[in-house]
Structures are given as C-alpha cells and as structure tokens.
Undergrad: 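Please find one structure pasted underneath; my questions will follow.
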Amino acid sequence: MRSYEYLKPTSLKEALELLGRYGEKAKLVAGGTDLMVQWKKKIISPEYVISLRNVPELSFVTYESDLKIGSATTHRTLELSPIIREHFPILLDAVSNLGSVQVRNSATIGGNICNAAPSADTAPPLLALDAVAHIAGPQGERTMPIAEFFKGPSRTALASGEIVTHFSIPRPSPNTGMAYWKHTRRKAMDLPILGVAVLLSFGQDGKTCAKARISLGVAAPTPMRARKAEAYLEGKEVDRGALDEAGKIAAGEASPRTTIRGSQWYREEMIRVLVRRTGLMCIERAKGAAHG
Amino acid sequence: MRRTIRFTVNGDPVEVEVQPHWPLLRVLRDELELTGAKMGCGEGECGACTVLVDGKPINSCIYPVLEAEGKQVLTIEGLVSSENELHPIQQAFLDKAGVQCGFCTPGMIMSAKALLDMNPNPTEDEVRHALAGNFCRCTGYVQIVESVRHAAELLLKNAKQTGAGE
Amino acid sequence: MAEQFVGKSHPRFDAEKVTGKARFINDIKAPRMLYGKILYSKRPHARITHIDTSKAERLQGVRAVLTGFNTPDVRVGFLGDQIALKRDKVRQFRDEVAAVAAINEEIAEEALELIRVEYEDLPAVFDPIEAMKEGAPLIHEVDARGKPRRNNILPLPWKLEAGDVQKGRSESAFVVKDTFRTTWVHQVCMGTSGCIAEFDVNNNLQFISVTNVPFGGKDRLDMFLRNLGIRGSTRILTPYVGGSFGSKLDTDIYEFIAVLLAWKTKCPVKILFDRLEEFTASPPRQPIIGTVEQGCDKDGRLTFRVVEMILDNGAYTSWGATTPSVMMVPISTLYRVPNISFRATCVYTNNIYAQAMRGYGNPQATYVVEQSMDQLAVEAGIDPIEFRLINANEPNETSPMGLKITTCPMKECLEEVKTRLDWKKKQGKHDGHGVGVACFLHVGGGARVYRSDAQGLILKVDDEGKVTAITGGTDQGQGSETIIRQMVAEATGFRPQDVNIFQGDTEICPWDVGTHASRHAFMVGHAILMAGAQVRAKLLAMASTWMGQLISRNLQKKARQDPDFKIPDVDLSLLSNPENLDISNGQIFLKSDPDNKLLRLPVAQIVRSAHMVGTGRGEMIVAEAFYDPPNEMLNAEGKGNLSCCYTFGAHGVEVQVDQETGQVTILNYVAAHDVGRAINPMLVKGQIYGATIMGAGYGLTEEMQVNAGRVMNPNLLDYKLLTAKDKIPIDPVIVEPIEPSGPFGLKGIGEPACVPAAPAIANAVADAIGVRIKDLPLSPEKVLAAIKGKGR
C-alpha cells in the first residue's frame with residue numbers, strides 16, 4: 001500500500017540530519033497544507049515526509065535591530081502578531097487574506113516562499129522589504145537576498161539538504177509607507193489574479209522618494225521586482241502622476257500569462273492601475289506612520 | 001507502516017492505530033466514528049471538516065493525523081454538555097436559522113467557537129473574516145452571521161450570570 | 001381566528017444538525033458494505049475499441065469490475081439516450097466507462113488505475129450552433145428505439161405562440177432585438193452526491209438516496225430492475241441531504257451503477273462522489289443563447305415578444321432539456337405582453353450534460369427578458385422602473401400562456417425598490433455608479449409537470465399526546481421540519497414541539513410527486529389542513545365519549561384525597577357533545593369555559609383511554625390526506641394554468657463599478673418578494689438571502705469554465721462561490737398579499753430569489769458604465785473590456 005513515513009524532528013539539527021540521510025526520498029513540509037492534496041493526486045510520492053511543525057527554533061517573530069521571522073511561523077501567528085500589526089502592515093495585508101483562518105493556522109511563511117508559486121502572497125512583501133533568507137544546510141549556514149531565491153515556478157535556490165531557517169528584514173527608515181494589494185475575484189479563499197507590493201521611503205522633506213520597492217506576484221514565472229519602475233521613482237517627488245508612470249514601466253517589465261484565473265492583457269492593465277493605487281496607499285500610510 | 005498514537009478528543013484520551021498518510025478527519029470519522037466533521041472537498045477549501053486542535057481551527061481533511069499526537073482535539077460532538085444541553089452557539093444557530101441543509105454547520109460552528117473564544121464580542125466584519133473559510137451554499141451567510149453574534153450575546157450573558165453568582 | 005403558530009419566526013427544529021448527529025449519506029455504513037468507484041472517459045468523443053479489466057479483477061479486495069461489455073444493454077434517462085456503462089462510444093469526458101466495487105476506497109481507486117481503455121477518436125463538436133449545422137459530427141447515430149438520427153437537435157420542439165406577433169410588431173413604436181448568453185453554473189451542494197444500494201434475498205432493492213423525488217426515483221429504479229430482468233422492487237430511504245438546488249431531481253448514472261454493482265456482488269455498495277466528481281460528473285445548469293425581440297407602443301405598452309433559445313444540452317438528456325417548459329412562464333407572462341412567440345431548441349454536443357437548477361430555466365429566461373426590457377425602456381425614453389410599472393402584471397388576469405394570476409403585488413415590489421434605493425436620484429448617470437432592477441414571476445402553487453401534482457400525508461396521534469406527520473416529501477435544508485410542525489400544530493391544536501415528522505421511506509410514507517418547483521410548503525400545507533381537520537374532528541368525538549367519565553372520576557378522586565375539596569356544580573353532560581369542545585396546546589376543553597382547569601384534559605389521557613377500552617371497542621386516531629391541486633398540465637400548444645398561483649417580486653441593485661479594474665461592488669440590494677403569507681418569516685428570509693446570493697454568484701463570479709468539453713475549474717478554489725466575506729447588503733422585503741389558493745395563504749418561495757438577481761445586477765452595471773455586457777458572469781475582465789471598448 002502506498003504510504004510514507006512521517007518524521008517529526010524536534011530540532012533543526014535533527015531535521016537537517018534526516019534531510020541529509022533521506023535526500024531525494026524525503027519531502028520537507030512545514031504546515032503541510034499542500035502535502036495531502038498533492039500526495040493524493042500523485043503529484044508527489046515521497047518515502048519520507050519531514051515535518052517542521054515541531055521545531056520550536058523555526059517558529060518565532062522578533063523585532064530588535066531587524067525583524068526576524070522563523071520559517072515555520074504560521075500565517076495566523078503573523079496575522080495576530082502585534083509586531084507585524086504595528087510595524088509591517090505590508091505583511092499583515094498579505095497574511096491576513098491568505099486562505100482561511102484554518103489554512104493560516106497550518107500554513108507557514110517558509111512554506112509559502114519555498115513552494116515558489118508565482119502567486120505566493122508573502123513573496124511580493126518580502127521582496128519589497130529586502131528580506132534575506134537564512135539557510136542552514138550540510139555546509140553550514142548561508143544567507144541570500146530573497147530577490148535571488150526564486151528560480152522558476154516551484155524552483156528555488158535551495159540546494160539539496162538545505163532548510164530555510166528564517167527571514168530577516170531590515171528595520172524600515174522613518175517616513176516609510178508599505179502596502180500589499182491582492183487583486184481577486186472574491187474577498188477571501190482566493191489566489192491573486194495579481195499581487196502588488198509597494199514600499200516607499202521618503203527623505204527628510206517627506207516628499208522625495210529615497211527608496212522605492214515595487215514587487216509583483218503572478219506577473220512572471222516567479223515573484224518579481226520591477227526594478228526599472230523602482231529606479232524611476234527614486235529621487236523623485238512621488239505623486240499620482242509619477243506612480244502612474246511607474247505602473248506603466250512595471251507593466252513593461254512583467255511578463256504575465258493567460259490562465260483560467262485571468263488573461264495577459266488584464267493582468268498587464270492591472271499592474272498599471274494597482275501599482276499606482278498601492279503606491280498611493282503607501283503615501284497615506286507613510287503620513288500615518290510619521291504622525292504616529 | 002501503521003503507528004499507534006495517543007491524543008485527546010473532546011476531553012477523552014484515545015489511542016488509535018493509524019497510517020502516516022491519513023488526515024485527522026479520516027481518523028475522527030472512520031476510526032473514532034465521530035462523523036460530525038464532514039468531508040466536503042478534501043483539499044482544505046470548504047471548511048466542512050473544521051475542528052479545533054489545541055483551540056485553533058484547522059481543516060482536518062488535510063491535517064496529518066500524526067501531528068495531533070499529544071494534542072487536544074475538539075469536535076462538534078464535544079460541544080454538547082454532559083447533561084445533553086446544547087452549547088449556546090448551537091442554540092443560536094437554531095434560534096437565528098444559521099442552519100439550513102446542515103452539511104457545513106459543524107465546521108461553521110467550530111470556526112465560530114474559535115472566534116468567540118478569542119474575541120467574545122466580534123463585529124460583523126470580524127465574524128465574516130473568521131468564517132470566510134467555511135462555505136455555505138444555502139444561507140447566503142446572513143443568518144449565520146446573525147447566529148454567531150447572537151451566540152456572543154448568549155455567552156456574555158451566561159458569563160455575567162456565572163460571575164454574579166460567585 | 002388568530003393563528004397561534006403560523007406567521008411566527010419559530011426557531012428551527014434542527015438539533016441533530018448542530019450537534020453533528022444528523023446522518024448524511026457520507027456518514028452511513030452497512031455491514032459488508034463495498035465501495036464503488038467509476039472510471040470516466042479520457043476523451044470527449046471516441047469509439048471504445050477495447051477495455052482490459054483483467055489486472056483490476058485480480059487485485060486483492062476487488063469484488064466486481066463492470067463495463068458496458070459485461071452488463072445488460074439497458075437504456076436510462078429521460079429520453080433513454082444512454083446506458084449506465086458506455087459500450088459503443090463515449091460522448092463526453094464524464095462518460096462512465098467502467099466501475100469497480102472493492103472492500104475499501106483505496107483498493108477501488110487502485111483498481112480503476114489498472115483498467116486499460118483504448119479509444120479511437122471521433123470528431124467532436126462543442127458549440128451548439130456548430131452542432132446544428134449540416135455535416136456536424138453526430139453525437140447519437142440512433143435514438144433510443146434504434147431509429148437513425150439525422151442531426152443533433154433533440155426531439156423536443158418547445159414552442160409557444162399566442163396572439164399575433166406580426167400585428168404586435170406593426171403596432172410598435174419602438175422595437176429592440178438582441179442576443180444574450182449564459183454559461184454553465186453548478187449547484188455545488190456542500191454535501192456531495194452519493195447512494196447505497198443493497199438487495200435482499202427476495203431481490204428487492206433497498207436504496208439509500210439523496211433524491212428529493214423518492215417516488216419518481218423508485219419508479220425509475222423499478223423500471224431499471226425490470227429491464228435487467230430482476231424480479232424485485234425498490235424501497236428508497238433518504239437520509240439528511242446536504243443541499244439539492246435541482247441536482248437531486250433525476251436519478252443519476254452513478255445510482256444505476258451502484259445498483260449494477262450491488263446486484264453483481266449481492267453486497268451493499270456505496271458510491272460517494274468526491275468534489276472533483278461532483279464538479280465533473282454531476283449535471284449543472286446549461287448555457288443558453290437567447291435572442292429576444294420585443295416592442296412597445298409610444299406609451300410604453302408592450303406589443304409583442306419573440307424569444308428564441310438555443311440550449312446546449314450536452315451529450316445526454318436529463319431534466320435540463322425540459323427547462324423550456326418553465327422558461328415559457330416568464331417569456332409569456334413576465335409583464336403584460338399580448339403577442340408572444342417562443343421557440344427553444346436543445347442541441348446535443350460533446351459537452352457535459354445538464355440538469356435542473358434552482359429556478360428551472362427561469363433564471364436564464366428572466367435574464368434575457370429583463371436585459372431586453374431595459375434596452376426597450378431606453379429606446380422608448382422611459383425610466384426602467386416606470387416602464388415596468390406601465391407593463392406590470394395585475395391580480396386576477398389570465399396571461400397569453402393561460403396562467404391565471406390570482407394575487408400579484410408586482411407594482412408594490414417595484415415601488416419598494418424605487419423608494420428604498422432612492423432610484424430617481426441614482427439612475428441614468430453612467431458615472432460608475434448605477435442602479436438596476438429586474439422583476440420575476442415563478443410558480444408559487446405547484447407545477448403540474450406530471451399527471452399528478454399531489455402530496456400524501458398521514459397524521460397519527462399517539463397516547464403520549466404527540467402527533468406524527470408522515471409525509472412523502474423530503475427536506476434538503478429549506479426548513480420543512482420547522483414549518484410542517486408549525487402548520488400541523490395550527491391545524492390540529494397541538495404545540496409545534498408535540499409534532500414529529502417521519503419522511504424519506506417509500507415503503508411507509510404516502511405518495512408524493514417530489515420536493516421540487518417550490519411546491520413543498522404549498523402541497524404539504526394543504527394536506528395538513530385536510531388531515532388536520534380530520535384529526536380534530538376525530539379527537540373531539542373521542543373526547544366527547546371519554547371526557548365526562550374521566551373528569552368525573554378525577555373529581556371524585558380529588559375529593560377522596562382532599563376532604564376540603566368540594567366537587568363543583570358543573571354540567572358534565574356538556575362534555576358529551578363534540579361541538580362544545582375545542583383543542584389547543586394539546587389540551588381538550590369546554591369552549592364555553594376555556595379557563596376551567598377542572599374541565600380540561602390532555603389529549604394523551606383521552607387517546608390512552610380509547611386505546612385501552614377492551615376487545616372490539618378501541619379506537620385510534622389516524623387521518624390521511626391526498627392533496628392534488630387544481631392546476632393544469634400544459635397542453636400540446638404549451639398552454640395551461642401550470643400552477644395554482646404565481647409568486648412575483650422585484651430585485652433592485654445599486655452598484656459601484658471600479659472603472660479601472662472592472663470590479664463590481666454591490667452597495668445596496670433590495671429583494672422585494674411576494675410570499676403570499678410567511679409561515680415562518682425568519683425561514684422565508686433565509687430562502688431569500690440564500691437564493692439571492694446564489695443568483696448574485698450567477699451574475700458576478702460563478703462559471704464552469706469548459707474548454708473543448710473539459711471542465712477546467714473543478715474545485716472550490718477556481719469555481720468562485722461567494723464567501724462570508726463577500727457581503728452583499730440584502731434588504732429582504734416581504735410582501736404578504738395572502739394567497740386564497742394557498743394553505744394559510746402561502747406561496748412557494750424556495751426558488752424565486754435566485755431568478756432576478758443576475759439580470760438586476762447586469763442592468764445596474766449597464767446603468768453604471770453606459771454599456772451592456774451580454775453574457776454572464778460579469779467578471780472584472782469583461783466589465784473592463786466593455787468600458788474600454790465603449791467608444792468603438
């Protein structure tokens with residue numbers, strides 16, 4: 001009978017050992033929300049499933065010099081985290097509308113990122129936040145900017161035997177606004193037709209854009225940054241007109257496809273519109289942050 | 001590959017022999033004969049299988065049973081009191097017609113329970129946010145939302161009465 | 001007489017459902033039960049050249065492997081156009097090619113994977129218009145009788161002509177003509193389909209079924225058994241059913257397959273669909289292409305209406321092909337139109353085939369007519385609501401189709417929409433903000449689609465003082481378990497909590513046509529009034545025999561026990577005349593002295609006395625009723641008074657359209673409904689809310705994406721049911737004109753709110769953006785494309 005062995009390491013060390021021992025025969029899961037479905041459909045047939053649910057050192061949120069999020073932290077934990085609510089609204093936007101409460105109680109940020117789906121809701125925010133993935137493996141630890149992590153649909157830069165332990169996110173400068181917009185057919189239980197994350201940091205004058213980040217989900221084979229659009233905004237006084245232009249540039253950088261969830265022309269159109277709108281939200285939020 | 005695991009269901013310790021690939025729902029329904037939680041999709045989309053694990057709602061159709069080891073599982077069958085009295089949320093679903101065909105109801109009530117445990121007096125938007133993962137095809141959700149808010153009132157009233165009696 | 005229970009928002013009697021004790025088909029097991037699984041076609045149109053089941057048969061735990069090659073050639077379905085397991089060829093992706101019964105689900109699934117089917121592809125056709133053309137691939141080469149077929153058009157020429165369309169056209173000052181399309185939508189019951197079939201030693205079939213037509217299902221299965229040469233008959237048992245919405249009207253192919261497997265194995269066999277099968281192998285509502293032309297005179301009075309409908313029937317025929325009989329209702333009678341022409345053509349294609357869904361053709365027809373009404377209003381320069389008021393149906397009229405309208409508050413409903421939406425201020429701006437309206441009528445007092453439209457009922461009073469209502473109806477969530485109790489209590493003089501309901505067993509329950517066409521409350525209500533009156537009469541007669549002596553004995557006993565008690569001076573002989581007695585709350589009392597506790601007895605005591613009286617003299621209280629309403633079957637011309645009454649209403653919608661994304665937000669929604677009389681206003685609202693949201697899904701988000709015959713989105717992620725977060729602020733307005741033909745004045749309300757939602761939303765969107773989208777659903781993409789293409 002088709003089955004697998006289900007392993008529950010309780011430390012990172014043990015997880016790495018198991019992963020090293022079973023290699024290609026093993027499937028690493030965090031929340032495991034996709035495991036049963038993919039296994040039933042025979043998309044995956046591992047001999048060993050290594051669950052990271054019981055590794056406490058992978059599940060945490062701290063905010064000191066920077067924000068650190070353990071890879072096995074559930075979306076629900078992030079949704080309820082006062083740190084995220086207060087300081088990282090862009091992540092709250094993403095994690096509070098991903099699946100259902102039930103899904104968010106299982107699904108983790110590491111799982112969302114490591115599945116490397118173009119539609120991963122947490123990917124655009126992490127890209128916009130210049131997150132760094134911390135990776136442990138047989139060779140020891142290494143770090144990688146999240147922008148280099150996605151290699152294709154369902155493909156990442158992880159080598160065999162490696163585990164993402166956490167993400168670190170630099171503390172945003174004052175006068176920063178950040179937002180993620182998930183464009184969907186219905187208000188919950190949906191994947192984005194398009195996901196747009198924007199982060200804008202303003203200089204002393206509160207107008208000149210010191211740093212711009214624009215990242216997109218479902219706009220290319222992997223979550224992507226619209227670097228030309230970012231460059232266009234940096235150093236400028238950002239207003240509606242500038243954001244409009246940035247949206248056009250971003251649409252030019254993207255390469256969305258037509259799928260049953262949306263067609264190419266519509267996605268391109270939405271990049272134009274939603275980059276501007278999300279940018280405007282950032283301006284509003286930056287004001288709020290400055291006053292707050 | 002069979003393994004024996006122990007956990008608690010509705011306060012009762014259980015010991016079951018399971019296959020590692022089984023979801024919790026299968027064990028609840030087929031091994032423990034707790035058929036209240038329903039299989040509506042098997043993919044974590046519909047919420048009919050919602051139960052609470054250590055107080056948190058999860059889709060038991062995709063929750064690996066081995067993860068339940070040592071944990072407290074609460075199902076719809078665990079809400080009725082030992083005197084066979086309905087839980088206020090259950091009563092509210094009857095009073096306000098939050099139930100029609102009843103297939104989504106056990107999962108819906110468990111999601112409501114998790115919400116009210118955390119937030120005893122939720123707004124309509126908070127109720128709708130908490131129940132978004134439970135599909136219902138009959139009610140259009142309006143009377144479900146009314147039921148949950150009515151349940152909150154009943155629970156707060158009960159809490160006050162208990163408080164006053166102490 | 002003031003009613004005590006009817007008209008009240010009584011809580012639901014549904015404790016089983018909220019405690020997880022209600023047993024759905026999913027929850028039922030039988031000893032030695034096997035699990036049946038079905039192998040579906042991998043091709044949309046192909047000849048089956050070979051099936052190799054040998055490996056599957058050898059798999060440990062497999063008890064039967066059936067194909068069209070080892071089962072009898074027995075035709076099933078409304079037109080007999082298919083056999084349960086396909087032999088000659090497959091005509092759609094959902095064609096059942098083989099079936100397995102095994103000791104558990106995993107083994108059954110594994111066995112399916114071991115079956116090898118070889119196909120020889122045939123040219124396929126997926127577009128009904130292409131399929132009608134000469135030379136199109138024939139889906140069926142012969143009909144059920146073996147006669148060669150020349151084309152793909154079904155032999156169901158739906159047609160209705162009334163008045164003189166030519167004359168109407170010549171009298172018209174304004175005429176519009178346009179074509180609209182709808183797509184497949186699915187009932188998406190939360191409980192998936194399933195059944196358990198089992199034969200006893202006398203070859204009788206016990207069939208646990210989610211049907212809402214138990215006796216119709218029994219007839220079909222009995223015929224199936226006869227054609228298989230099995231000399232037995234069917235007993236249908238229905239468990240709790242997780243929703244129907246039309247999907248459980250016909251006996252589906254998996255059910256026949258379960259019977260074949262049970263017969264082969266002589267074990268109980270359960271087939272339970274998973275969600276994928278539910279989406280791909282259970283028949284949805286079919287798409288239509290509807291062309292409508294209508295005109296009005298210079299004052300805005302409708303002069304004629306011509307509607308041509310093309311229905312994509314899919315590869316086989318179920319009740320989907322009969323929905324034009326209900327499409328006729330709005331096409332002929334929604335508003336006063338003197339001259340009518342309607343034609344519907346059902347066309348075979350290699351797509352999935354269709355069933356009934358809430359509204360039974362009415363949603364498609366009303367969508368088409370109500371879009372055209374707005375177009376004509378614009379043409380005539382009249383406000384859409386005023387235009388509808390000019391043409392609104394009136395009470396006590398007979399329509400060109402022969403529908404006899406009794407009560408009709410359509411104008412009231414329109415006025416409600418107008419006032420509550422502040423219509424005048426908001427209409428006609430085309431600035432992204434818009435309002436829209438659509439009316440409907442639907443059968444409200446049954447629908448005589450068979451020779452009988454009857455429901456049987458038995459009421460039985462026991463010596464605990466409980467009444468059991470044994471009905472032929474079923475409940476799939478609408479709330480009959482509550483309103484039957486309210487109505488029985490009202491009719492008999494008991495309390496709702498004293499009423500028990502027994503239903504869902506064809507062996508015991510009296511005959512019923514089925515719980516469809518929004519007819520259940522209407523039919524069972526009448527049967528309750530008839531049987532309830534008998535129960536009262538019998539009980540009062542019984543009481544008149546017993547009350548005098550029982551009370552006299554009670555008084556003497558009391559006097560013995562309590563020396564201070566003096567037997568009052570009462571005339572006990574009054575109690576021996578039934579006319580002096582009455583029943584309320586399960587107590588029988590003297591009408592002239594209703595508050596006298598000494599002269600009142602619980603029914604239980606009287607019935608017990610009557611049971612225990614001794615050989616040859618005992619009595620029991622059982623009453624029966626068989627209510628068959630005075631409605632008419634449609635004649636050969638498609639005319640007749642289909643229903644005892646018709647229910648009317650208007651939905652008004654206010655939308656905000658995001659002109660950059662095409663997203664539609666519903667700001668306000670008024671659902672004004674004529675319900676005759678609300679037996680339980682809370683439950684009536686439940687039907688309005690639920691059906692409106694289903695209809696709004698039809699308008700905005702729901703569609704089965706079918707590409708070359710294959711369902712591309714067979715899951716709840718990509719088939720977009722609305723969630724709790726997709727709030728639509730529905731304002732349900734219940735108008736109660738008290739229907740004289742209805743029991744307690746009621747009309748049926750199960751389906752109607754599903755009918756006008758999509759057209760009302762479409763009209764509001766057209767008002768908001770100034771351009772009309774002519775197919776459903778109104779996805780953001782379509783809306784944005786329409787906005788961008790406006791000037792072109």
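Lettering of chains follows the sequences in order, A, B, ..., and the numbering in each one begins at 1. Since we're looking at a predicted model, the values are computed, not measured.
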Undergrad: Quick check on A/S3 against chain B: is it the side chain, the backbone, both or neither that has a heavy atom closer than 4.5 Å?
TA: both
Undergrad: Which atoms form the tightest heavy-atom contact between A/N105 and B/P57, and what is the distance?
TA: ND2-O, 2.9 Å
Undergrad: So, for B/G44 and A/V103, which heavy atoms are closest and what is the spacing to 0.1 Å?
TA: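 Smallest heavy-atom distance, with atoms named: O-CG2, 3.8 Å.
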Undergrad: Quick one: what part of B/M110 sits under 4.5 Å from any heavy atom of chain A, side chain, backbone, both or neither?
TA: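 When you check distances to chain A, no heavy atom of B/M110 falls under 4.5 Å.
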Undergrad: Can you tell me how far the CG atom of A/L7 sits from the CG atom of B/L66, to the nearest 0.5 Å?
TA: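 One gets 9.5 Å once the value is rounded to the nearest 0.5 Å.
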Undergrad: Of the backbone (N, CA, C, O) and the side chain (C-beta and beyond), which part of A/R2 lies under 4.5 Å from a heavy atom of chain B, both, or neither?
TA: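 Answer is backbone: N, CA, C or O of A/R2 sit under 4.5 Å from chain B.
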Undergrad: Between B/C61, B/G133, B/G47, which shows the greatest number of heavy-atom pairs under 4.5 Å with chain A?
TA: B/G133
Undergrad: Answer yes or no: is there a side-chain heavy-atom contact under 4.5 Å between B/H129 and A/E79?
TA: yes
Undergrad: Taking the side chain as every heavy atom from C-beta outward, state whether B/Y63 and A/Q102 have any atom pair closer than 4.5 Å.
TA: no
Undergrad: As an exercise, state the distance from CG of B/L24 to CE of A/M36, rounded to the nearest 0.5 Å.
TA: 9.5 Å
Undergrad: Just wondering, do A/K187 and B/R128 contact through their side chains at under 4.5 Å, heavy atoms?
TA: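 In short, these two side chains do not touch, never coming nearer than 4.5 Å.
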Undergrad: Side chains of A/E5 and B/P20, heavy atoms from C-beta outward: is any pair under 4.5 Å?
TA: no
Undergrad: Taking the side chain as every heavy atom from C-beta outward, state whether A/T74 and B/K56 have any pair of such atoms under 4.5 Å apart.
TA: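 Contact flag for A/T74/B/K56 side chains = no.
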Undergrad: Would you compute the distance between atom OG1 of A/T33 and atom CD of B/E43 and round it to the nearest 0.5 angstrom?
TA: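 The CD atom of B/E43 is 12.0 Å from OG1 of A/T33, to the nearest 0.5 Å.
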Undergrad: Can you tell me how far NE2 of B/H21 sits from OG of A/S45, rounded to the nearest 0.5 angstrom?
TA: 11.5 Å
Undergrad: Heavy-atom distances under 4.5 Å only: say whether A/N54 touches chain B with side chain, backbone, both or neither.
TA: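 Only the side chain of A/N54 comes within 4.5 Å of chain B.
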Undergrad: Quick one, B/E67 and A/K8 - any side-chain contact, counting heavy atoms below 4.5 Å?
TA: yes
Undergrad: Between A/S100 and B/N59, is any pair of side-chain heavy atoms under 4.5 Å apart?
TA: yes
Undergrad: For B/R6, is the CZ atom crowded, meaning more than 12 foreign heavy atoms sit under 6.0 Å from it?
TA: no
Undergrad: Quick one: what part of B/S111 sits under 4.5 Å from any heavy atom of chain A, side chain, backbone, both or neither?
TA: side chain
